Structures are given as C-alpha cells and as structure tokens.
Amino acid sequence: MDPLTAISLASAIVQFVDFSSKLVSGARQIYGSASGAIEADRSLEVITSEMRQCASKLATPGAVAQSQTEDDWALCRLAKECQILSDQLLGLFEKTKARDPKSKVQSIWAAVKTRLHEREKLELQNRWNSCRSQLELQLGFLTRLEINPPILRAFSTGGYQANRGAVVLKTRRD
C-alpha cells in the first residue's frame, strides 16, 4: 500500500470513529432524557420557544397603531422574522426528537437525525441569533428614544447645565 493511500485510509477511519462516538454519545443523552432530545437541543428549544412568544407579541398587527413611526414598523418586521426563524428551529427540533426516548432504537435513530440535520440547525441558529441581536438593538434604540426626551427636558429646564460634555448640577444660592 502506498503512503498516500494509507493516509487516506487512516483519515477515513478517524472520521468514522469520530462520527460513531458522537452518534453513541448523542444516543445515550437521548435515551436518558425525558424530552427525547440531546441536552443542548432541549435547552435551545426552551429559549427559542420563549423568544417566539416574545416576538409574536411584538409582531402582531395590533401592537403598532397606524400613527407609529417607521422605527416601530421596523421593530414589528424584525419580530416577525424572529418568529419565523423560531418556528423553523422549533420544527427542526421536533423533527429530530425521539418519539419514545426509552426505546434504544428510537434513541439511535434520533441521534442519527440530529447529526444529519446539524448543519441546517447551525445555519438556522446563526440566522436566529443575528435576528435576535438586531431585535435587541432595535428595542434598545426605541427605549432610548422614549427615555431621552423627558431627561433632556429635565436637564434643560430643571436647573441643570451641560459643562464640557458632562452634566453637572447647578448649585443654588440661597
């Protein structure tokens, strides 16, 4: 056997052992779980479900009145996108779960499905994380816009003055 063929064979064996060990580990986790999924997926499923509920409250048509700003509509669009991605992730989690987690065959089959859909899950997670981050940014921005005008009015009319970029309390002389 020439060296290149031996290296290729060794690489294939290492990949097979790695895949098999991850498969057995996943099947063990699934077999021992009450949810029928590996622990990482179960945890992410709970978080995704909560995010979906929050996003659905923000994305409802009644949440934004006709007189709202473009920023409010952007928040609704982002919330709707997060809701869609959450639904896709939750569907993927449901697809890879074992129907009967106490069955060894079902646990192994669920571990295989989890490994087969791993790339799809990572892609959805990345998109979901980006959407979630953007939603947090938009919410923070809108909250800041709602808080800043009253604070600015208080500073400009309530005896406060700006001095070299810092806001200081103007002392009163009795």
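One is the number of the first residue; the rest follow in order along the sequence. If you're wondering where the values come from, they're calculated on a predicted model, not measured in any experiment. Because only heavy atoms are used, hydrogens play no part in the values below, and waters and symmetry mates are left out as well, while side chains stay in.
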_Nearest atoms (heavy-atom pairs only) where Gln29 meets Glu39_ = OE1-N, 3.2 Å

*What closest approach, in Å, do Ile30 and Ala98 show between heavy atoms, and which atom pair accounts for it?*
CG2-CB, 3.7 Å

*Start with the C-alpha gap between Lys97 and Glu94, add the side-chain angles, then the distance that decides, and say whether side-chain contact (heavy atoms from CB on, under 4.5 Å) holds.*
CA-CA 5 Å; Lys97 278 185 183 179; Glu94 195 59 38; 3.8 Å; yes

*Side-chain contact, heavy-atom cut-off 4.5 Å: Leu137 with Gln134?*
yes

*Quick one: pull up CG in Asn129 and CD in Gln125 and give me the separation to the nearest 0.5 Å.*
6.5 Å

Just list the side-chain donor-acceptor pairs under 3.5 Å for residues 9-26, sequence neighbours left out, or say none.
| residue | atom | partner | partner atom | Å |
| --- | --- | --- | --- | --- |
| Ser20 | OG | Phe16 | O | 2.8 |
| Ser21 | OG | Val17 | O | 3.3 |
| Ser21 | OG | Asp18 | O | 2.9 |

*Between Arg42 and Glu45, does at least one N-O distance fall below 4.0 Å, as a salt bridge requires?*
no

*Please say which of Leu89, Ile84, Leu85 ends up in a side chain to side chain contact (heavy atoms under 4.5 Å, CB included) with Arg127.*
Leu85

*Salt-bridge contact Glu70-Arg77 (side-chain N to carboxylate O under 4.0 Å)*: yes

_Using a 6.0 Å distance limit plus a 45 degree cone around the ring axis, check whether Arg132 lies over the aromatic ring of Trp128._
yes

*Leu135 to Ala79 - nearest heavy-atom pair and separation*: CD1-N, 3.9 Å

*Any sub-3.5 Å donor-acceptor pair from Ser43's side-chain atoms to Ala40's backbone N or O?*
no

*Check against side-chain contact (heavy atoms from CB on, under 4.5 Å), Phe141 and Leu75*: CA-CA 10 Å; Phe141 175 73; Leu75 178 69; over 6 Å; no

*Report yes or no: do Trp109 and Phe93 belong to one cluster of Ile/Leu/Val/Met/Phe/Trp/Tyr joined by side chain heavy-atom distances under 4.5 Å?*
no

*asked:* Determine whether Thr96 and Lys121 satisfy the following criterion, side-chain contact (heavy atoms from CB on, under 4.5 Å), listing intermediate values before the conclusion.
replied: CA-CA 10 Å; Thr96 59; Lys121 181 181 75 172; over 6 Å; no

_Listed partners of Lys102 passing side-chain contact (heavy atoms from CB on, under 4.5 Å), at least two apart_ = Asp100

_Minimum heavy-atom distance Gln83-Ala55, with the two atoms named_ = N-CB, 4.0 Å

*Would you please name every residue forming a salt bridge (Lys or Arg N to Asp or Glu O under 4.0 Å) with Arg115, sequence neighbours left out?*
Glu118

*Are Leu124 and Leu44 linked, directly or through other ILVMFWY residues, by side chains that come within less than 4.5 angstrom of each other?*
yes

